[in-house]
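Fair warning: this is a prediction, and the values are worked out from it, not measured in the lab. Scope of the values below: all heavy atoms of this structure, side chains included, with no hydrogens, waters or symmetry mates. Whatever order the structure lists them in is the order used to number ligands and atoms, beginning at 1.
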Amino acid sequence: MVKIMDPYGAELPEDYAKVIKDFGLEEFDVDDFPHPNCLMRRGVVFAGRDLKMISRCIKEKKPFYVLSGIMPTNDKIHFGNKQVVENIRYFQDRGAKAYILVADLEAAAARGVSLEEGRRRALEFHIPAYLALGLDLKKTVFYFQSENRDVVHMAYEFAKKITLNEFKAIYGSADPGRIMSAVTQVGDILYPQLEERMPGIIPVGIDQDPHIRLTRDIVDRTKDRKFFRPSSLYHKYTPSLDGSLKMSKSKPESCIVLPEDVKSAQKKLRRALTGGRETVDVQKKIGGEPEKCMVFEMHKQHLIEDDKELKSIYDKCKSGAIMCGECKDIACNRMEKFMKEFEQGIVKARKQVDRLNFVKFA
Ligand code: SF4
């Protein structure tokens, strides 16, 4: 059976090892990357494509780029965006030139957001939010998709290099909007190589792998340009707080958006699915199950930086030395601190918007 990963779906993979096998991915080897970040150390970053090429660039100090996009469909982002920014920052700090594109054309086509509105949202919220999450302003180049003729030209050129059936085999279905959006993304992914031919890495959620596969197939068929096939880095999803799907705004009661009112975020955390036992007595006796717990997932992926502290919570949970109420108090306090710093960071970053380095188009 043909396996499809839907970049537009909300499903949560049950088994990431199976995803690696089914889609022919490389397992992420933390030893290949110097000073790995929390997500890498904790197995949240779990796979990729052509990762050795990027680890060589880092070790041999050769040029490479890291690229990601902003979709300005509304004025909120989610924890998946935070993971992407942390990984961009990791590569920026190790010599990558970073590109952030604002996918205003896609937002207009898919959601009817006018180009003006997309621009406003990007400048007033999304870019400041990315800066607040740690993106390094001085080492990042930005552009708007709608202004980048090279990307649009490449999208037209690349559309001829794939058949409808091949497209369906990667994406599961093929409607004109999806095809246009996908080939435009291929243009975005390869655009930095028009400026300087070099390897590049795209850190994304695993659901975005179809775009990477399509780009790699198209590179193989574009002999005259000699692009490097893009590498990719995949992180696991932040699950919804009820553990059923990836965290998504379509399930607001189980999703914490960024930014969100602290009280509302804390209320959701208190109702989250835990790995706690039926009674306090049983939990004290046999311990909890952090592996099944969404609060622990939030500690691990987003709220606790320090590995020793995380391990201490894990051990205390397993031994029954901490109960879920106390553990949720820790998560709620961290969430409050995180949201406050994030909102303050946005306010500060808005003052830096005039210093952004946008690609100049003739
Ligand atoms: Fe989850 Fe904490 Fe309860 Fe353990 S003690 S099950 S980690 S909430």
Side-chain angles (χ1 to χ4, degrees), residues 10-17 19 28 30 36-46 78-83 86 133 205-206 235-342:
E11 303 294 302
L12 201 59
E14 281 170 22
D15 181 350
Y16 282 97
V19 169
F28 179 77
V30 73
N37 64 21
C38 283
L39 299 174
M40 295 170 174
R41 292 196 306 272
R42 296 173 183 176
V44 180
V45 166
F46 74 105
H78 51 76
F79 279 102
N81 300 107
K82 175 175 173 286
Q83 291 169 314
E86 280 169 34
L133 291 174
I206 180 60
H235 57 78
K236 294 180 184 171
Y237 299 122
T238 297
S240 59
L241 294 171
D242 64 2
S244 63
L245 297 168
K246 61 186 179 189
M247 198 178 266
S248 142
K249 281 172 264 174
S250 61
K251 264 196 144 191
E253 70 287 358
S254 285
C255 170
I256 297 173
V257 289
L258 303 177
E260 177 154 340
D261 170 70
V262 172
K263 294 268 175 291
S264 156
Q266 290 175 329
K267 201 167 155 193
K268 290 175 185 176
L269 275 175
R270 293 216 177 270
R271 287 195 195 134
L273 174 76
T274 72
R277 305 290 179 176
E278 341 42 289
T279 66
V280 168
D281 285 344
V282 175
Q283 191 158 335
K284 279 186 179 161
K285 198 168 163 200
I286 63 171
E289 295 179 286
E291 304 83 3
K292 296 182 181 170
C293 176
M294 298 308 115
V295 177
F296 188 76
E297 209 53 45
M298 289 299 291
H299 283 320
K300 181 172 89 177
Q301 295 198 18
H302 301 291
L303 299 175
I304 294 186
E305 277 274 319
D306 186 77
D307 288 346
K308 280 193 196 135
E309 192 184 350
L310 185 72
K311 181 162 184 323
S312 160
I313 290 179
Y314 181 90
D315 291 343
K316 283 186 192 164
C317 172
K318 291 295 274 184
S319 66
I322 187 172
M323 296 296 109
C324 296
E326 188 188 338
C327 195
K328 285 178 175 176
D329 286 345
I330 297 171
C332 287
N333 289 339
R334 294 300 163 96
M335 184 62 77
E336 180 170 7
K337 183 169 178 288
F338 169 77
M339 284 296 182
K340 274 190 183 153
E341 287 175 0
F342 178 57

Enquirer: I need the atoms of ligand 1 closer than 4.0 Å to a non-hydrogen atom of Cys293, numbered in the order shown.
Expert: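 With Cys293 as reference, the close atoms of ligand 1 come out as 1 (Fe), 6 (S), 7 (S), 8 (S).
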Enquirer: Has Cys327 got an N/O/S atom less than 2.8 Å from atom 2 (Fe) of ligand 1?
Expert: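 Checking atom 2 (Fe) of ligand 1 against Cys327, an N, O or S atom does fall under 2.8 Å.
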Enquirer: At a 4.0 Å threshold, what atoms of ligand 1 neighbour a non-hydrogen atom of Phe296?
Expert: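 Matching atoms, with element in brackets: 7 (S).
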Enquirer: Could you tell me whether the side chains of Glu297 and Tyr237 share a donor-acceptor contact shorter than 3.5 Å?
Expert: no
Enquirer: Numbering the atoms of ligand 1 from 1, which are under 4.0 Å from a heavy atom of Cys317?
Expert: 4 (Fe), 5 (S), 6 (S), 7 (S)
Enquirer: When the ring planes of Phe79 and His302 are compared, do they come out parallel, tilted or perpendicular, using 30° and 60° as the limits?
Expert: tilted
Enquirer: Is any side-chain N of the basic residue among Glu253 and Arg271 closer than 4.0 Å to the acidic one's carboxylate O?
Expert: no
Enquirer: Inspect the contact between Asp315 and Lys311 and indicate whether a charged nitrogen and a carboxylate oxygen are less than 4.0 angstrom apart.
Expert: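 A salt bridge links Lys311 with Asp315.
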Enquirer: Ignoring hydrogens and geometry, is there a side-chain-to-backbone donor-acceptor pair from Lys300 to Leu310 under 3.5 Å?
Expert: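 No.
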Enquirer: Which atoms of ligand 1 have any heavy atom of Gly275 under 4.0 Å away?
Expert: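 Within the 4.0 Å cut-off of Gly275, ligand 1 contributes 6 (S).
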Enquirer: Parallel, tilted or perpendicular: which one describes the rings of His299 and Phe296, with boundaries at 30° and 60°?
Expert: perpendicular
Enquirer: Under 4.0 Å from a heavy atom of Gly276: which atoms of ligand 1 are those, numbered in the order shown and with their elements?
Expert: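 Those of ligand 1 that fall under 4.0 Å from Gly276 are 6 (S).
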Enquirer: Using a 4.0 Å heavy-atom cut-off, which part of Cys324 comes near ligand 1: side chain, backbone, both, or neither?
Expert: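 Within the 4.0 Å criterion, Cys324 contacts ligand 1 through backbone and side-chain atoms alike.
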